[in-house]
Every structure is written in C-alpha cells, then in structure tokens.
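As structure tokens, the structure follows; a few thoughts come after it.
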Amino acid sequence: MSTISYTGFVVSPLLVAGLSGWLGLPAALAALGLLGLPLVARAAFERARA
C-alpha cells in the first residue's frame, strides 16, 4: 500500500501537468478525479459484500 501511495504522489503531478497543457487545468483535475472513481467503487463494493 505504501508503494502504491508513493507512486500516486509522484505520478499525479506529472499527469496533471501533462493534461493541463492539453485540456486546461480544471479539466485535468477533473480527469484525475475520474481516474479514482473505479477505486472508490471497488472499495464500496468490497465493503458491502463483507
């Protein structure tokens, strides 16, 4: 878990910077948030199943 968190901490600013040049900053931040939705959905599904 620590490795995944650290990787996200390092990669996400690079991803936002790259996307903001192409889409603009608000859209880049929204895209980053949308990328996290499958993780939230899976966690909610696992919690409901348990």
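FYI, side chains are in, hydrogens and waters are out, and symmetry mates aren't considered; it's all heavy atoms of this structure.
- Linking Ile, Leu, Val, Met, Phe, Trp and Tyr whenever their side-chain heavy atoms come within less than 4.5 Å leaves I4 and L39 in two separate clusters.
- Members clustered with V10: Y6, F9, by chain and number, using a 4.5 Å side-chain heavy-atom cutoff among hydrophobic residues.
- Residue L19 holds its CG atom at 9.5 Å from CG of L29, rounded to the nearest 0.5 Å.
- Through chains of ILVMFWY side-chain contacts below 4.5 Å, L37 is grouped with L34.
- Sorted by first and then second residue, the salt bridge (charged side-chain N to carboxylate O under 4.0 Å, His left out) pairs with a member in residues 36-48 read E46-R49; sequence neighbours excluded.
- In plain terms, the two heavy atoms of S20 and A28 that are nearest each other are N-CB, 3.6 Å.
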